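Worth knowing before you read on, the calculation uses all heavy atoms, side chains too, and leaves out hydrogens, waters and symmetry mates. Remember, predicted model here, so these are calculated numbers, not experimental data.
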Amino acid sequence: MTLEQQLAAQVKVVVKDLYGIEADDKQIQLQKTRPEFEGNLTLVVFPFVKAARKAPAQVAQEIGERLVGELVERFNAVQGFLNMVIAQDYWVHCLEKIAADERYGLTPVTPESKLMMVEYSSPNTNKPLHLGHVRNNLLGWSIAQIQEANGWKVVKTNIVNDRGIHICKSMLAWLRYGNGETPESSGKKGDHLIGDYYVRFDKEYRKQIAELVAGGMDEETAKKEAPLMKEAQAMLLKWEQNDPEVRALWKKMNDWVYAGFDETYKMMGVSFDTIYYESNTYLEGKKEVERGEKEGLFYRREDNSVWADLTKDGLDEKLLLRSDGTSVYMTQDIGTAKLRFRDYPIDKMVYVVGNEQEYHFKVLSILLDRLGFPFGKELVHFSYGMVELPNGKMKSREGTVVDADELMAAMIQDAKEVSKDKVLRLNDINEEEQNEIARKVGLGALKYFILKVDPRKNMLFNPEESIDFNGNTGPFIQYTYARIRSVLRKAAEQEQAKTGKISLEEKEIELIQRITEFPNVIKQAGEEFSPAVICNYAYALAQAFNSFYHDYSILNEPDEAKRAFRVQLSAVIARTIRQAMMLLGIEVPERM
RNA sequence: GGUCUGGUAGCUCAGCUGGAUAGAGCAACAGCCUUCUAAGCUGUGGGUCGCGGGUUCGAAUCCCGCCCGGAUCACCA
């Protein structure tokens with residue numbers, strides 16, 4: 001039972017006794033005492049004032065007097081706030097118990113656990129990953145870790161959009177202008193190579209449009225009539241007809257892209273348990289839509305297109321199959337859902353996709369429900385905000401796209417620069433370890449920078465300003481961890497005798513209290529789908545430790561029992577920081 | 001226009017299931033390294049919480065209206 005639960009039970013009894021109030025949980029408001037007052041927990045007594053028919057301060061005083069006992073050592077009443085000082089014994093035992101539980105705060109995953117599938121990343125295969133994908137990947141990975149810590153069996157998945165007109169454009173441009181260039185011959189990562197040809201297509205295509213317009217054609221027509229576009233569409237048709245040559249080229253170029261993506265994912269530290277490809281799922285979607293039509297869930301128009309009528313759900317009508325029988329985005333998502341449900345006993349399906357697709361997922365949820373997928377109605381669209389640059393959204397045409405690979409490399413390079421002289425204080429440090437530290441710190445800075453922002457909100461990234469390594473940052477927390485680890489290594493060399501009663505410092509109690517919040521923080525992060533909650537917690541914990549570390553010595557503390565206590569406290573904090581960072585996908589270095 | 005979403009310090013963000021004098025970081029300024037890692041600690045300055053009403057003992061937080069920004073409402077994905 002937590003401290004809050006114990007106190008709440010006592011308050012319930014006292015309030016009944018004193019004023020005859022049958023208090024419900026909502027009326028018992030316990031909060032952390034503000035630092036300017038003495039105490040650890042504060043009871044807000046306003047909810048009882050009316051029934052008590054007394055002044056708030058007096059009610060607080062009366063309740064306080066009755067609460068004093070084993071748990072509540074003393075109290076002070078300020079207006080309607082009852083600030084309680086919790087007995088030191090409680091905190092000492094509390095830390096003892098937490099220290100013994102290596103997985104404190106984490107709910108174990110059992111065979112009975114429900115299964116949550118988390119889809120994230122979901123790239124197109126015509127260009128490399130950019131900053132927007134970075135946010136997606138980091139959120140997806142982190143939320144998977146967080147849900148697992150909440151006791152879900154989690155399956156991480158990725159849907160790769162490997163077919164369609166966009167990849168044909170790259171293929172076509174490569175055929176015409178590529179001269180057989182390969183990742184090997186050019187030294188480019190496969191995804192970047194394909195991305196370059198996608199850009200090349202766009203450039204040549206626009207040239208053609210301009211020529212047609214100059215020749216007197218209006219722009220709309222020119223866009224459709226440009227020879228390159230016609231060729232790309234012809235290629236898509238050939239692809240759908242399984243033309244061996246087109247398929248072979250498609251496979252070759254996609255494989256290049258995947259090799260490139262794999263490198264990026266690896267550097268980012270994310271992975272998937274299973275990957276789906278739209279080239280495999282879109283036909284399945286068609287079948288499902290046709291089934292739905294037979295069952296009268298959808299209807300066919302005269303031009304042979306298939307629609308879902310969502311007007312009863314307050315939405316409009318939604319196209320599911322084009323008049324030429326080809327599938328649209330929605331069709332593919334239905335097919336993917338079908339295959340996933342065939343492969344896994346999904347209890348909850350989570351889609352990590354940008355907020356620009358909210359409407360799409362609202363519709364998908366209704367459609368899946370109609371088609372009889374149990375998770376359809378309750379599917380979660382983990383909708384996150386855009387990453388904006390100082391002058392607005394990223395636009396590939398304006399060359400303002402922040403490339404994921406370049407960004408990570410730059411962060412690691414920055415970390416290297418920063419750590420260059422700091423790392424000198426460490427003994428026996430070799431280049432390999434230095435590089436490893438720079439990698440962890442650089443990526444830690446980037447990941448924390450992105451994850452600390454409420455996922456639902458748009459966030460700003462300024463490429464001109466490098467991401468900080470001081471203050472509320474990943475490296476700050478990593479540094480705190482490294483510091484503790486350094487102390488603990490030294491502590492291991494000396495005997496720690498845990499005997500005798502000790503008195504705790506306020507900052508020590510503050511730290512223990514913080515640690516007791518960890519389970520709730522994980523729970524809240526899971527319920528709200530918010531890694532930012534973990535970030536805020538890790539930061540506050542690190543901050544509190546640094547303040548303690550500054551004021552008190554751990555290893556030079558003369559009192560043996562105190563010293564042993566502080567070593568244990570530090571160890572628990574290091575562990576908690578490491579676990580919190582793990583939930584964010586951020587590694588912590590032993591030294592930095 | 002309909003729907004959704006945001007507006008908090010110069011900048012980036014917390015706080016939003018109502019509680020005490022609205023918090024961090026960056027930037028600025030002032031201190032602290034013969035002592036366990038100074039990527040740290042301590043302090044100063046900086047706010048009509050978009051505006052106006054309402055509910056309440058109490059509103060940045062809840063409700064209504066308005067202003068400003070973003071997203072979305074495709075036989076694109």
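With centroids closer than 5.5 Å and planes inclined by less than 30 degrees as the test, A:F81 and the base of B:G19 fail to qualify as a stacked pair. With centroids closer than 5.5 Å and planes inclined by less than 30 degrees as the test, A:F476 and the base of B:G40 fail to qualify as a stacked pair.
Under 3.5 Å, the side chain of A:N83 and the base of B:A20 form at least one donor-acceptor pair of N or O atoms. At a cut-off of 3.5 angstrom, the base of B:A39 holds no donor-acceptor pair with the side chain of A:T473.
You'll find that the side chain of A:E278 is closest to B:A77, out of B:G40, B:A77, B:C73. With distances taken from any side-chain atom of A:S547 to the nucleotides B:A39, B:C41, B:A71, the minimum falls on B:C41. Distances from the side chain of A:Y549 to the nucleotides B:A20, B:A14, B:A38 place B:A38 closest. Listed nucleotides: B:C57, B:A39, B:U35. Nearest to the side chain of A:K50: B:C57. Checking B:A20, B:C41, B:A77 against every side-chain atom of A:N546, the shortest atom distance belongs to B:C41. Closest approach to the A:K490 side chain among B:A20, B:C36, B:A39 is made by B:C36 (side chain taken as heavy atoms from C-beta onward). In the set B:G19, B:A39, B:A77, the nucleotide with an atom closest to the side chain of A:Q332 is B:A77. When the nucleotides B:A71, B:A39, B:A14 are ranked by their closest atom to the side chain of A:V418, B:A39 comes out on top. Across B:A20, B:C13, B:G40, the shortest atom-to-atom separation from the side chain of A:E36 is found for B:A20.
Proximity of A:R322 to the phosphate of B:A74: no side-chain N or O atom is located under 4.0 Å from OP1 or OP2. Here A:N470 reaches the OP1 or OP2 of B:G40: one of its side-chain N or O atoms lies under 4.0 Å away. One finds no side-chain N or O of A:K457 lying less than 4.0 angstrom from the OP1 or OP2 phosphate oxygen of B:U12. Regarding contacts with the backbone of B:G23, a side-chain N or O of A:R34 is found under 4.0 angstrom from either OP1 or OP2. At the phosphate of B:A39, OP1 or OP2 sits under 4.0 Å from a side-chain N or O atom of A:K422. Within the 4.0 Å cut-off from OP1 or OP2 of B:A39, at least one side-chain nitrogen or oxygen of A:Y479 is found. OP1 or OP2 of B:A39 has not a single side-chain nitrogen or oxygen of A:T480 nearer than 4.0 Å.
B:C67 has its base anti relative to the sugar, with a glycosidic angle deviating from 0 by more than 90°.
A donor-acceptor pair shorter than 3.5 Å can be found between the side chains of A:T480 and A:N546. A:N124 and A:N161 share a side-chain donor-acceptor pair at under 3.5 Å.
Atom pair A:Y539:OH and B:A24:P shows a separation of 9 Å (rounding to whole Å applied). Across the protein-nucleic acid pair, A:Y359 atom OH and B:A77 atom P stand 16 Å apart, rounded to whole Å. Look at CZ on A:R300: it is 14 Å from C1' on B:C75, rounded to the nearest Å. In this structure, A:L460 atom CG and B:G10 atom P are separated by 17 Å, rounded to whole Å.
With the nearest nucleotide of RNA chain B identified for both A:Q543 and A:E528, A:E528 has the one nearer the 5' end. Positionally, the nearest nucleotide of RNA chain B for A:D454 lies more toward the 5' end than for the other of A:D454 and A:I484.
Using a 4.0 Å heavy-atom cutoff across all strands shown, A:Y448 reaches no nucleic acid atom at all. Within 4.0 Å (heavy atoms only), A:Q79 reaches no atom of the nucleic acid at all. When heavy atoms are screened at a 4.0 angstrom cut-off, A:M592 is found touching base atoms of the nucleic acid.
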Base-pairing string, 5' to 3', of RNA chain B - Watson-Crick or wobble, under 3.5 Å, | interstrand: (((((((..((((.....[...)))).(((((.......))))).....(((((..]....))))))))))))....

